[in-house]
Chemist: 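Could you have a look at this structure, given as structure tokens, before my questions?
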Amino acid sequence: MLTIDFTPFPNVETERLQLRRVVKEDVNEIFALRSNEQTMKYIPRPLAKTKEDALGHIAMIDEKIENNEGINWAITLKNSPKLIGIIGHYRIKPEHYRAEIGYMLLPKYHGKGIITEAINYVVNYGFEIMKLHSIEAIIDPENFASAKVLQKNGFVKEAHLKENEYFEGRFLDTVIYSILNNR
């Protein structure tokens, strides 16, 4: 079984991005992400209604990091500390050497290759540092942009689950993409 330790927190730079720890000072940007209907369109979670909701989300991220149960990075551009998105490993299953990757980005930054660049780093971190065997992404079947970016990063479609999630009075399908550590 994997032993996971996110101490010290791995702040990193990619070609254009800085991935750093999410902090309370990011509350306005987290609120902007989590309260935006376009950003949350394919994420079956309630919209944030208040800044306290956003602070609660930041606290949950911190708790998962402190307990080595998950890790999230704030996505920022190198020339600005302002959070424009988040990315991380969720639902880590150490006994199976597997984790789920998740990400979201403010709409004005879509289509610029930012998520592709961030996914590339986070997948490498998962395989090289965390020693994962596989990483999955669970997406809405209508989220074609996410499917495209996952495929661009080497993920393959594993499954299409019919009505396996229940949210706001209806059943939703999910699609699972995954990538194996063949390094």
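Residues: numbered from 1 along the sequence shown.
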Chemist: With sequence neighbours excluded, tell me which residues meet salt bridge (Lys or Arg N to Asp or Glu O under 4.0 Å) with Glu13.
Modeler: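 With sequence neighbours excluded, Glu13 shows a salt bridge (Lys or Arg N to Asp or Glu O under 4.0 Å) to Lys78, given in chain and number order.
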Chemist: Tell me if a side-chain donor or acceptor on Asp5 pairs with a main-chain N or O of Asn68 at a distance below 3.5 Å.
Modeler: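 No; zero donor-acceptor contacts below 3.5 Å.
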Chemist: Same hydrophobic cluster for Phe167 and Met104, using side-chain heavy-atom links shorter than 4.5 Å among ILVMFWY?
Modeler: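 Hydrophobic grouping puts Phe167 apart from Met104.
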Chemist: Using 0.5 Å steps for rounding, measure from the CG atom of Leu33 to the CG atom of Leu106.
Modeler: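 Reported to 0.5 Å precision, the distance equals 4.0 Å.
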Chemist: Can you tell me how far the OG atom of Ser146 sits from the CD1 atom of Ile43, to the nearest 0.5 Å?
Modeler: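 Atom-to-atom, Ser146:OG and Ile43:CD1 are 9.0 Å apart.
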Chemist: Would you give the length of the straight line joining atom CG of Leu150 to atom CD1 of Ile135, rounded to the nearest 0.5 angstrom?
Modeler: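 Spacing of CG (Leu150) from CD1 (Ile135) equals 11.0 Å.
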Chemist: Is it true that Phe9 and Ile58 fall in one hydrophobic cluster, defined by side-chain heavy atoms closer than 4.5 Å?
Modeler: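 Looking at the clustering, Ile58 is in the same group as Phe9.
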Chemist: To the closest 0.5 Å, what do you measure between CD1 (Ile101) and CG (Leu132)?
Modeler: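 Separation between the atoms: 10.0 Å.
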Chemist: Measuring from Asn164:CG to Thr174:OG1, what's the distance to the nearest 0.5 Å?
Modeler: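 Rounded to the nearest 0.5 Å, the CG-OG1 separation comes out at 3.5 Å.
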Chemist: Provide the full list of salt bridge (charged side-chain N to carboxylate O under 4.0 Å, His left out) pairs with a residue in residues 87-112, sequence neighbours left out, each pair given once.
Modeler: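 Qualifying pairs, neighbours excluded: Arg91-Glu100, Arg98-Glu136, Arg98-Glu158.
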Chemist: Distance-only, no hydrogens or angles: does the Glu117 side chain make a donor-acceptor pair with backbone N or O of Arg16 under 3.5 Å?
Modeler: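 A pair under 3.5 Å: yes.
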Chemist: Same cluster for Leu83 and Leu47 if Ile/Leu/Val/Met/Phe/Trp/Tyr side chains link at under 4.5 Å?
Modeler: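 Same cluster: Leu83 reaches Leu47 through Ile, Leu, Val, Met, Phe, Trp or Tyr contacts under 4.5 Å.
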Chemist: If Ile, Leu, Val, Met, Phe, Trp and Tyr residues are connected whenever their side-chain heavy atoms lie under 4.5 Å apart, and connections chain through other members, are Ile179 and Ile129 in the same group?
Modeler: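 Yes, Ile179 and Ile129 fall within the same hydrophobic cluster.
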Chemist: Please answer whether the main-chain N or O of Glu163 pairs with a side-chain N or O of Asp173 as donor and acceptor at a distance below 3.5 Å.
Modeler: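 Side chain of Asp173 to backbone of Glu163, a donor-acceptor pair under 3.5 Å: yes, one is there.
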Chemist: Side-chain donor-acceptor contacts of residues 18-31 below 3.5 Å, not counting sequence neighbours, with atom names and distances?
Modeler:
{"unit_1": "Arg20", "atom_1": "NH1", "unit_2": "Asp26", "atom_2": "OD2", "d": "2.9"}
{"unit_1": "Arg20", "atom_1": "NH2", "unit_2": "Asp26", "atom_2": "OD1", "d": "2.8"}
{"unit_1": "Arg20", "atom_1": "NH2", "unit_2": "Pro81", "atom_2": "O", "d": "2.8"}
{"unit_1": "Arg21", "atom_1": "NE", "unit_2": "Asp62", "atom_2": "OD1", "d": "3.4"}
{"unit_1": "Arg21", "atom_1": "NH2", "unit_2": "Asp62", "atom_2": "OD1", "d": "3.3"}
{"unit_1": "Arg21", "atom_1": "NH2", "unit_2": "Glu66", "atom_2": "OE2", "d": "2.8"}
{"unit_1": "Asp26", "atom_1": "OD2", "unit_2": "Val23", "atom_2": "N", "d": "2.9"}
{"unit_1": "Asn28", "atom_1": "OD1", "unit_2": "Lys51", "atom_2": "NZ", "d": "2.9"}

Chemist: Going by the side chain to side chain donor-acceptor pair (under 3.5 Å) test, which pairs reach into residues 120-129, not counting sequence neighbours?
Modeler: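 Listed by first then second residue: Asn124-Arg183.
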Chemist: Could you give the distance from NZ (Lys162) to CG (Leu172), rounded to the nearest 0.5 Å?
Modeler: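 That separation rounds to 12.5 Å.
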Chemist: Please give me the minimum heavy-atom distance between Phe6 and Ile71, naming the atom from each residue.
Modeler: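 Closest heavy-atom pair between Phe6 and Ile71: CD2-CD1, 3.5 Å.
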Chemist: Scan for ring pair (Phe, Tyr, Trp, His ring centres under 6.0 Å) pairs involving residues 88-118, sequence neighbours excluded, and state none if there are none.
Modeler: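 Every candidate ring pair (Phe, Tyr, Trp, His ring centres under 6.0 Å) pair involving residues 88-118 fails, so no pair, neighbours aside, qualifies.
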Chemist: Do any pairs count as a salt bridge (charged side-chain N to carboxylate O under 4.0 Å, His left out) and have a residue in residues 145-154, sequence neighbours left out, and if so which ones?
Modeler: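 Qualifying pairs, neighbours excluded: none.
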